[in-house]
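Each remark here refers to the structure printed beneath this line.
Numbering of residues begins at 1 and proceeds along the displayed sequence. It should be emphasised that the depicted structure is a prediction, and the values quoted were computed from it without experimental measurement.
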Amino acid sequence: MMRRVAMSAKGSLADEAKPVGVLIDSCIRRHAVTHEEAWIDTGTVLWGGVHPINTGYMARVPVHAASNTSEDYRDICYIGSLIALARFGTMKFFTSSELMSEQLRHPPARFQTVGYSDYSILDMVEIDSVDGERYDFITMGKLFGESHGLKDAQQERIETSGDELYKVIMSYFKYQKHSQDAWHLRTAQVHGCRYILTMDQKFIHLCQQHHSKLVTAGISVEVCSPTHLGEKLKLPKIPPWIFSYNDASFPVRSDLHMPDQKRKPSIGRRGTTINDIPPR
């Protein structure tokens, strides 16, 4: 299926001499964790005909129901389609040292899998950094429990970089709260990425608002959502439940979904129970 999806985009990208570079924003990583483990409760039975015990098993479960109609779920379906292009060489996904720094000051569960049977659809592709790696929590001796220090350090590093393109972008974006977005846009441009893939609508609207100024400044990077890029390339959507059995050596329940169709909290994660008790 993924090969067919990749072939469907050949016409739109036929003139490309090399894979199209795409910088993956942090929020894409968060939503790409499409499956998590949950306890499937199968009810109470009598052990030895006397002692009641709860029965069940751990299984991989999709976060969202297949019938979900939200904008986020539509974006997630198009992430799967874009991954097909990356797997077959039409696209190349990238991260950056500052995106890594941004992600590492948060609890690990926010942007990656932590449970034994959790699954991120981004695990299907290799994502290299365009400018190396940065581990502030090691060099500063701080973990995400003191993330304010890591955030301030990153902010100061960006502000004192002296990068001229960053200064130009910030002259349009103006407010300090947009500094990291400005740096990611600068990074994508400097390292030849065609797109920044994000589900941050504020970032998308900010770039749309200043589009003409950014083009005048020589910035050709398009900041867009998975839905926008998928529709632009005329790709079909691939719902994440299709990947439920990828690399699975344990029970999978692709017919269920997480309670309220939400991932577990990043901090203080507790076991999730899903009832699968047939009516008597």
Side-chain angles (χ1 to χ4, degrees), residues 1-32 34 74-100 102-103 111 120-133 165-166 169 180-201 203-208 210-212 214-240 242-243:
M1 179 179 184
M2 298 194 82
R3 184 180 293 276
R4 290 199 300 271
V5 172
M7 293 300 295
S8 71
K10 286 290 185 181
S12 304
L13 301 171
D15 297 331
E16 302 297 333
K18 60 180 182 179
V20 174
V22 181
L23 190 67
I24 302 298
D25 198 12
S26 297
C27 55
I28 296 293
R29 285 189 177 273
R30 178 164 61 88
H31 287 284
T34 56
R74 185 170 67 250
D75 275 337
I76 292 168
C77 291
Y78 275 113
I79 293 174
S81 304
L82 295 168
I83 286 172
L85 272 59
R87 288 193 68 184
F88 290 96
T90 309
M91 280 186 170
K92 174 64 178 171
F93 288 176
F94 292 101
T95 186
S96 71
S97 59
E98 294 300 348
L99 278 167
M100 293 171 67
E102 180 179 293
Q103 293 156 17
F111 298 113
S120 168
I121 54 177
L122 284 177
D123 289 344
M124 289 187 280
V125 292
E126 191 172 312
I127 303 178
D128 298 323
S129 174
V130 295
D131 57 357
E133 301 176 352
L165 183 56
Y166 167 73
I169 297 172
Q180 285 178 228
D181 289 339
W183 186 264
H184 299 329
L185 183 57
R186 168 261 174 207
T187 299
Q189 179 66 34
V190 168
H191 293 280
C193 292
R194 177 82 59 83
Y195 302 101
I196 294 180
L197 197 65
T198 183
M199 292 170 66
D200 183 349
Q201 292 300 319
F203 186 17
I204 293 172
H205 293 156
L206 183 67
C207 292
Q208 291 174 341
H210 300 289
H211 175 72
S212 59
L214 293 171
V215 170
T216 302
I219 296 172
S220 58
V221 177
E222 183 177 352
V223 179
C224 58
S225 69
T227 295
H228 174 83
L229 185 53
E231 291 178 345
K232 179 179 180 178
L233 298 176
K234 299 180 174 59
L235 299 177
K237 293 180 288 187
I238 302 181
I242 286 179
F243 305 114

Could you tell me whether the side chain of V125 reaches within less than 4.5 Å of the side chain of M91, counting heavy atoms only?
-> no
Search all heavy atoms of C224 against all heavy atoms of I204 and return the closest pair with its distance.
-> C-CD1, 3.9 Å
Nearest non-hydrogen partners of S26 and Q103, listed with the distance = OG-NE2, 3.0 Å
Looking only at heavy atoms, what is the nearest atom pair of M100 and T95, with distance?
-> CG-OG1, 4.0 Å
Scanning both residues in full, the closest heavy-atom pair of T198 with P226 reads O-CD, 3.5 Å
Between T90 and V20, is a side chain to side chain contact (heavy atoms under 4.5 Å, CB included) present by the stated rule, with each step listed?
-> CA-CA 6 Å; T90 309; V20 174; 5.7 Å; no
Give, for atom OG of S225 and atom CG of L197, the distance between the pair rounded to the nearest 0.5 Å.
-> 7.5 Å
Just wondering, do S120 and R29 contact through their side chains at under 4.5 Å, heavy atoms?
-> no
Output the distance between atom CZ (F203) and atom CD (Q208), rounded to the nearest 0.5 Å.
-> 11.5 Å
Measure the spacing between CD1 of I238 and CD1 of I121 and express it to the nearest 0.5 Å.
-> 9.0 Å
Does the side chain of I219 come within less than 4.5 Å of L165's, by heavy atoms?
-> yes
Go through the steps to decide whether L85 and L235 satisfy the test side chain to side chain contact (heavy atoms under 4.5 Å, CB included), and finish with yes or no.
-> CA-CA 10 Å; L85 272 59; L235 299 177; 3.8 Å; yes
With rounding to the nearest 0.5 Å, note down the distance linking CG in D75 to NE2 in H31.
-> 8.0 Å
So, for H184 and L23, which heavy atoms are closest and what is the spacing to 0.1 Å?
-> O-CD2, 3.6 Å
Backbone N/O of R194 and side chain of E222: donor-acceptor pair under 3.5 Å | no
Quick one: does V22's side chain get under 4.5 Å of L82's, heavy atoms only?
-> no
Minimal non-hydrogen separation, K232 against Y195, with atom names = NZ-OH, 3.4 Å
Is a donor on one side and an acceptor on the other found under 3.5 Å between the side chain of S81 and the backbone of P236?
-> yes
Is a donor on one side and an acceptor on the other found under 3.5 Å between the side chain of Q180 and the backbone of E98?
-> no
Mind checking whether W183 and E102 have side chains closer than 4.5 Å, heavy atoms only?
-> no
Considering only heavy atoms from C-beta outward, does the side chain of F243 approach that of T34 to under 4.5 Å?
-> no
At what distance, to the nearest 0.5 angstrom, does CG of D25 lie from CZ of R30?
-> 10.0 Å
CD1 on I169 to CG on L214, rounded to 0.5 Å | 6.5 Å
